[in-house]
Amino acid sequence: MTDIIRLLPDSVANQIAAGEVIQRPSSAIKELVENAVDAGATDVKIVVKDSGKTMIQVIDNGCGMSETDARMAFERHATSKIRSADDLFTLCTMGFRGEALPSICAISEVDIRTRRAEDSLGTHLIIAGSKVELQEPCVCDKGTVITVKKLFFNVPARRKFLKSDSWELTSIIHEFERMALVNNNVRMSLDTGKKVIDLRAGSFKQRIVDMWKQNLDSQILPINVDTALVKIEGFVSRPEFARRRNPLQFLIANGRNMRHAYFHKAILGCYESLIAPDTQPCYFIKFTVDPKTVDVNRSPTKDDIKFEYEQQIWPILQASIKAALGKFSAVPSIDFTSDAIPVRPLKAGELPKEPVIEGAKSYNPFKSEYDRKPSTSNWEALYENFKKGDGQSFGQLAASHAKSVSMYEHIPEPEDIHEQEESEIESTLFKKEEKGDVAPICMQYAGKYILTSSRNGLLIIDQHRAHVRILYEEYMRRVEKMEVVSQSVMFPESIQLDEVQRAALEEIEDDLKRLGFSLEYESEDTWLLTALPAMLKKGSGKDVVLRVLDSVTEDSANYGKDHKSNISIAGKVALMMARASAIHRGDKLSTTEMEHICAQLFALSDPALTPNGNRIFYLLAPTHLDSLFQ
């Protein structure tokens with residue numbers, strides 16, 4: 001019997017490794033730029049064609065390579081960054097694994113021209129599919145010019161699943177922003193074929209302002225703390241500039257971008273009670289620690305970093321941010337400079353007047369504002385309806401609205417309450433209900449939830465999410481039946497778009513027009529919103545468009561990592577319009593309005609979840625309720 005285990009050829013091994021290291025054009029650009037920075041470059045130029053699918057070129061003025069090094073650089077696990085395993089604990093370079101260049105040349109055609117300052121001639125090398133096709137001397141400038149053509153030409157499955165040009169360009173711009181932020185002392189430019197982004201070398205704050213503009217200079221606060229354990233520096237946004245959409249959040253460790261949920265939670269904790277619950281602050285924070293106390297060799301992308309002293313760094317990080325917010329008056333404070341309220345001195349023998357409190361006899365300081373408001377509900381009738389739990393009127397309303405089977409028909413009947421207990425409760429708590437009274441079947445709690453009974457228990461419904469689901473289904477029905485009507489606006493609204501948002505707009509502009517939105521180009525970064533869908537009765541059309549663009553860019557940034565969104569562009573637009581038009585938490589509803597919402601919700605085929613997977617209602621079963629009183 002012959003042996004069946006064989007050593008894979010290097011070309012095959014490199015293609016396998018490329019599946020983790022090079023996932024899309026932006027991944028290749030990241031690896032090439034990191035090599036240029038490690039080579040000591042002060043000027044890096046990136047040129048892409050067809051969003052990197054046809055060509056990627058990175059030009060740098062670094063140290064260059066010799067003829068032997070240029071050839072060895074494309075061998076697997078060949079690197080100049082480390083010599084032994086001990087070097088992994090003192091890393092000061094971006095790359096060290098020796099997998100990027102072999103992975104790139106295994107799935108593309110690579111042309112490289114490189115020369116050192118002390119050499120009179122450089123080296124020209126062409127490699128396609130891990131095979132060297134040409135190696136010869138050439139005349140070139142100091143540094144390295146590497147060109148990647150036909151990415152994934154020999155991996156058709158990977159190329160087939162690449163997104164559109166606009167989508168891939170959005171991902172490239174995201175990666176460019178991350179690299180440019182880390183390497184603020186390096187001049188970096190990106191030529192997409194339609195636009196050139198050129199960023200000068202400068203301070204960390206200059207790089208932030210140059211990239212995102214939008215008056216960020218006046219919106220961010222500096223933080224700077226240096227301890228024996230860690231040095232933390234950077235900027236955080238003022239609470240009043242917290243964003244609902246697309247917050248700029250960057251963490252950098254020893255000159256390397258990272259994702260760190262633990263530190264992200266620490267930062268958000270500093271803004272608790274200072275910003276709205278649905279907003280997040282922007283932050284740009286650098287950590288400098290002893291390389292021996294971090295592990296960057298956790299994933300091929302090298303952005304998952306583990307700190308040895310995470311728990312000790314947490315309070316230092318929070319203290320530095322809170323100090324910045326307090327130092328620059330970013331938190332509410334007592335104004336000691338304001339004039340005191342004038343007080344008339346009492347005359348001789350005059351006693352101070354007792355303060356008049358409206359409703360003082362019934363005032364209870366332990367009750368919330370919501371609880372102090374007089375009740376308008378018929379509690380006796382409500383209790384009778386709750387005891388029965390049959391939901392008959394509700395079921396009739398739902399059936400008449402949608403002519404569909406009510407959710408209550410397949411829910412089993414709760415256990416009967418003992419007759420003696422029932423009579424005792426009636427005689428003790430309530431008077432007998434008079435004939436002709438109409439029992440309300442719904443009640444509102446805390447301005448957020450609708451409570452109603454069903455055959456299977458007590459239903460607690462989130463009124464905002466329920467209305468979002470109802471409107472979403474209505475909008476999608478009109479889209480599918482081509483019943484969307486576009487309505488021109490009298491005064492067009494201007495929308496400022498950054499590079500990433502403009503790339504996303506190119507991707508979905510036709511879809512937006514089909515859904516009733518019309519956008520006209522005005523200047524380099526300004527568009528005019530000239531028409532809206534007629535079914536958007538409430539909310540801002542500008543806000544809907546921006547939310548959709550941000551949703552598209554977030555999906556692009558997360559693609560290949562934790563990408564979970566399967567909602568179409570039409571679905572995203574419908575969801576954003578539904579959110580803008582739906583009733584909000586805190587809105588008071590009448591009994592008729594609550595009944596109508598419940599009827600519409602349970603007439604839907606899937607009333608349990610919102611389009612993005614959030615729970616709409618919760619059912620408290622009788623057994624669970626009984627257990628609370630045992």
Side-chain angles (χ1 to χ4, degrees), residues 8 10-37 46-58 74 76-77 79 94-110 127-130 146-180 182 190 192 250 256-260 296-305 500 503-504 507 552-566:
L8 288 174
D10 288 343
S11 59
V12 177
N14 289 336
Q15 283 193 19
I16 295 173
E20 292 184 345
V21 180
I22 310 300
Q23 300 174 349
R24 56 198 310 186
S26 60
S27 303
I29 293 174
K30 171 183 177 291
E31 299 294 343
L32 296 177
V33 171
E34 287 182 351
N35 284 341
V37 173
I46 307 168
V47 181
V48 297
K49 186 177 181 181
D50 296 334
S51 299
K53 297 177 182 177
T54 302
M55 193 245 331
I56 298 170
Q57 187 176 65
V58 177
F74 291 91
R76 197 165 182 226
H77 301 311
T79 179
M94 300 298 292
F96 58 89
R97 297 171 67 97
E99 291 182 335
L101 290 180
S103 298
I104 292 174
C105 73
I107 54 175
S108 64
E109 297 179 1
V110 177
I127 304 177
S130 297
I146 183 167
T147 306
V148 179
K149 301 178 181 178
K150 301 179 182 178
L151 194 65
F152 301 121
F153 79 98
N154 56 352
V155 191
R158 179 64 63 86
R159 188 174 182 86
K160 178 182 178 181
F161 287 102
L162 287 178
K163 299 275 185 173
S164 64
D165 286 355
S166 298
W167 199 294
E168 295 297 340
L169 183 59
T170 300
S171 175
I172 290 173
I173 294 174
H174 269 299
E175 197 61 57
F176 176 78
E177 290 174 347
R178 288 163 55 86
M179 294 183 298
V182 170
L190 172 64
T192 65
F250 296 89
R256 188 187 305 276
N257 280 297
M258 70 170 178
R259 294 177 291 112
H260 206 289
V296 299
N297 191 27
R298 291 166 59 88
S299 68
T301 56
K302 302 184 288 292
D303 60 356
D304 182 12
I305 299 177
V500 175
E507 169 71 18
V552 171
T553 57
E554 286 172 6
D555 289 346
S556 176
N558 295 329
Y559 181 74
K561 296 179 183 177
D562 52 354
H563 181 71
K564 298 178 181 178
S565 176
N566 294 317

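What you are looking at is a predicted structure, and each value in this text was computed from that prediction instead of being measured.
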Can you tell me how far apart [atom1] ([X]) and [atom2] ([Y]) are? Round to the nearest 0.5 Å.
X    : Y    : atom1 : atom2 : answer
R159 : K150 : CZ    : NZ    : 9.5 Å
S103 : E31  : OG    : CD    : 8.0 Å
L162 : W167 : CG    : CH2   : 13.0 Å
T192 : D50  : OG1   : CG    : 11.5 Å
S108 : N154 : OG    : CG    : 8.0 Å

Is any side-chain heavy atom of [Y] closer than 4.5 Å to one of [X]?
X    : Y    : result
L101 : L32  : yes
F250 : V182 : no
R256 : I305 : yes
V48  : I46  : yes
I29  : F176 : no
L151 : P25  : yes

| task | For T170 and S166, indicate whether the former's side chain and the latter's backbone hold a donor-acceptor pair under 3.5 Å. | result | yes
| said: Check whether N257 reaches the backbone of R178 with its side chain - one donor and one acceptor, N or O, closer than 3.5 Å. | reply: yes
| query | When you look at F152 and I22, which way does the side chain to side chain contact (heavy atoms under 4.5 Å, CB included) test go after all the steps? | reply | CA-CA 10 Å; F152 301 121; I22 310 300; 4.2 Å; yes
| message | Once side-chain contact (heavy atoms from CB on, under 4.5 Å) is applied, do any residues pair with T147, and if so which ones, sequence neighbours excluded? | response | M55, Q57, D111, V145, K149
| Is K30 salt-bridged to E175, cutoff N-O under 4.0 Å? | no
Might you point out which heavy atoms bring [X] and [Y] nearest each other, and give the distance in Å?
X    : Y    : value
E109 : F153 : N-CE2, 4.2 Å
E168 : K53  : CG-CE, 4.0 Å
S51  : I172 : O-CD1, 3.3 Å
S130 : P102 : OG-O, 4.5 Å

